[in-house]
Chemist: 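Got a structure for you, written out below as structure tokens; questions coming shortly.
Worth knowing before you read on, the calculation uses all heavy atoms, side chains too, and leaves out hydrogens, waters and symmetry mates. Just so it is clear, the model here is predicted, and its values are computed rather than measured. Lettering follows sequence order; numbering is per chain, from 1.
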Protein chains: 2
Amino acid sequence: MENNLDSAFHALADPTRRAVIGRLMDGPAPVTELARPFEIGLPTFLKHLRVLEQGGWIRSEKRGRVRTCHVRPERLHAAERWLAEQRAIWDARTDRLADYVETHLAAEDRR
Amino acid sequence: MENNLDSAFHALADPTRRAVIGRLMDGPAPVTELARPFEIGLPTFLKHLRVLEQGGWIRSEKRGRVRTCHVRPERLHAAERWLAEQRAIWDARTDRLADYVETHLAAEDRR
DNA sequence: CATATAATTCGCCATATGGAAAACAATCTC
DNA sequence: GAGATTGTTTTCCATATGGCGAATTATATG
């Protein structure tokens with residue numbers, strides 16, 4: 001896990017972490033409140049937060065004894081961009097396929 | 001790794017696997033050709049293919065001694081859909097924020 | 001101060017992951 | 001059929017992951 005996308009996608013590969021992102025998209029929250037919906041221990045939950053932070057999805061600051069987490073929605077861009085690129089390659093390919101059909105099969109029709 | 005999105009995103013969390021998807025978007029290919037650009041052994045590469053297959057990104061058939069892999073571009077939908085959902089939550093939130101600014105701070109201006 | 005709360009650290013464990021080498025199997029091709 | 005090519009299986013290894021409970025550190029609050 002070194003690359004940006006590596007850690008970004010890896011962070012998404014877990015339902016707990018996706019849920020946390022979803023929750024945080026709705027607004028910042030402290031750790032304990034974030035953890036409440038899940039049935040895992042706090043230490044484990046903290047690990048998930050670290051993965052999310054490392055993946056660039058969240059950030060957090062501590063004031064007093066409470067750490068407040070908030071999402072970094074910019075991360076959506078990187079992920080979306082990669083998917084869009086793949087779609088572009090795919091589209092280009094299907095275009096070439098259309099070309100092929102047009103130049104070859106259509107020619108065949110004309111025979 | 002049981003959920004759809006879990007395995008789908010997990011498959012994306014590795015540069016080799018993302019590259020394979022990119023390559024396959026361009027058209028089907030046999031295993032050895034797919035593996036050529038990478039500096040890992042075939043057995044290791046096969047594991048990556050299995051992860052991609054399990055994540056729903058590729059499919060493959062064997063004819064004679066060659067196994068041909070092709071991408072399943074539908075998988076893009078699931079991933080894109082999740083990201084779009086998050087963006088929607090985020091947008092709803094910023095809308096509420098705009099409401100708040102309008103009803104409260106703007107009122108303050110009028111004082 | 002005594003206690004409750006919020007978060008963190010520390011071991012510990014089972015399983016998964018990404019890598020390798022070696023041997024094996026199947027199928028072309030000469 | 002001999003030999004090359006293409007995948008596959010097996011075994012092994014180091015490290016990462018996701019989980020736990022227990023102990024610890026801050027910081028509020030009665």
Chemist: Show, in sequence, the C-alpha distance, side-chain angles and deciding distance for B:R63 and B:T68, and conclude whether the side chain to side chain contact (heavy atoms under 4.5 Å, CB included) test is met.
Modeler: CA-CA 8 Å; B:R63 296 202 29 171; B:T68 302; over 6 Å; no
Chemist: Look at the side chain of A:L42 and decide which nucleotide, out of D:dT10, C:dT8, C:dG18, has an atom nearest to it.
Modeler: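 So the side chain of A:L42 is nearest to C:dT8.
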Chemist: Roughly, in whole Å, what's the span from CZ in B:F38 to C1' in C:dG19?
Modeler: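 Rounded to whole Å, this separation is 15 Å.
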Chemist: Out of C:dG18, D:dG18, C:dG19, which has the shortest distance to the side chain of B:R17?
Modeler: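 So the side chain of B:R17 is nearest to C:dG18.
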Chemist: If you take all heavy atoms of A:R93 and B:D26, which pair is closest and at what distance?
Modeler: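 Shortest heavy-atom separation between A:R93 and B:D26 comes out as CG-O, 3.6 Å.
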Chemist: Would you tell me if any nitrogen or oxygen in the side chain of A:H10 comes within less than 4.0 Å of OP1 or OP2 on D:dA16?
Modeler: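 Negative; the distance criterion is not met.
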Chemist: Rounded to whole angstroms, how far apart are CZ on A:R50 and P on D:dA16?
Modeler: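 Between P of D:dA16 and CZ of A:R50: 14 Å.
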Chemist: How close or far is atom P of D:dT17 from atom CG of B:D14, stated in whole angstroms?
Modeler: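 Checked: the CG to P distance equals 12 Å.
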Chemist: Can you pull out the residues from residues 61-68 of chain B that lie within a 4.0 Å heavy-atom distance of DNA chain D?
Modeler: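 Only B:K62, B:R65, B:V66, B:R67 qualify.
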Chemist: Measure the distance from CG on A:L46 to P on C:dT9 and round it to the nearest whole Å.
Modeler: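 One finds 8 Å between P of C:dT9 and CG of A:L46, rounded.
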Chemist: Could you pull out the closest heavy-atom pair between A:V31 and A:C69, with the gap in Å?
Modeler: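 Minimum heavy-atom separation between A:V31 and A:C69: CG2-SG, 4.2 Å.
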Chemist: Please pick, from D:dT9, D:dC20, C:dG19, the nucleotide with the shortest atom-to-atom distance to any side-chain atom of B:K47.
Modeler: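 When the side chain of B:K47 is considered, C:dG19 is the closest of D:dT9, D:dC20, C:dG19.
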Chemist: Would you mind reading off the distance between B:L52 atom CG and C:dT17 atom C1', rounded to a whole angstrom?
Modeler: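 One finds 14 Å between C1' of C:dT17 and CG of B:L52, rounded.
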Chemist: Base, sugar-phosphate or nothing for A:E39? Non-hydrogen atoms, less than 4.0 Å.
Modeler: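 A:E39: backbone/sugar contact only, no base atoms under 4.0 Å.
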Chemist: How about A:R18 and B:D6: do any of their side-chain heavy atoms sit closer than 4.5 Å?
Modeler: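 They are in contact (side-chain heavy atoms under 4.5 Å apart), so the answer is yes.
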Chemist: A:H48 side chain N/O closer than 4.0 Å to the phosphate oxygens (OP1, OP2) of D:dG19?
Modeler: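 For D:dG19, OP1/OP2 do have a side-chain N/O of A:H48 under 4.0 Å.
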Chemist: Has A:E39 got more than 12 heavy atoms of other residues, nucleotides or ligands less than 6.0 Å from its CD?
Modeler: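 Open: at most 12 neighbouring heavy atoms sit under 6.0 Å from CD of A:E39.
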Chemist: Can you tell me the distance, in whole Å, between the CZ atom of A:F45 and the P atom of D:dT17?
Modeler: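 These atoms are roughly 17 Å apart.
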Chemist: Return the value, rounded to whole Å, for the distance between atom CD1 of A:I40 and atom C1' of C:dC13.
Modeler: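 Result: 17 Å.
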Chemist: Do A:V66 and A:L34 share a hydrophobic cluster, counting only Ile, Leu, Val, Met, Phe, Trp and Tyr and linking them when any side-chain heavy atoms are less than 4.5 Å apart?
Modeler: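 Each belongs to a different hydrophobic cluster.
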Chemist: Can you give the donor-acceptor pairs under 3.5 Å from side chains of residues 42-53 of chain A to other protein atoms, not counting sequence neighbours?
Modeler:
from: A:H48; atom 1: ND1; to: A:R17; atom 2: NH1; distance (Å): 3.1
from: A:E53; atom 1: OE2; to: A:S60; atom 2: N; distance (Å): 3.4
from: A:E53; atom 1: OE2; to: A:S60; atom 2: OG; distance (Å): 3.4

Chemist: Go through D:dC20, C:dA21, D:dT17 for me and flag the one nearest to the B:P43 side chain.
Modeler: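 For B:P43, the side-chain atoms sit closest to C:dA21.
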Chemist: Establish, with yes or no, whether the OP1 or OP2 oxygen of C:dA20 is under 4.0 angstrom from a side-chain nitrogen or oxygen of B:T44.
Modeler: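 So the side chain of B:T44 is within the cut-off, an N or O lying under 4.0 Å from OP1 or OP2 of C:dA20.
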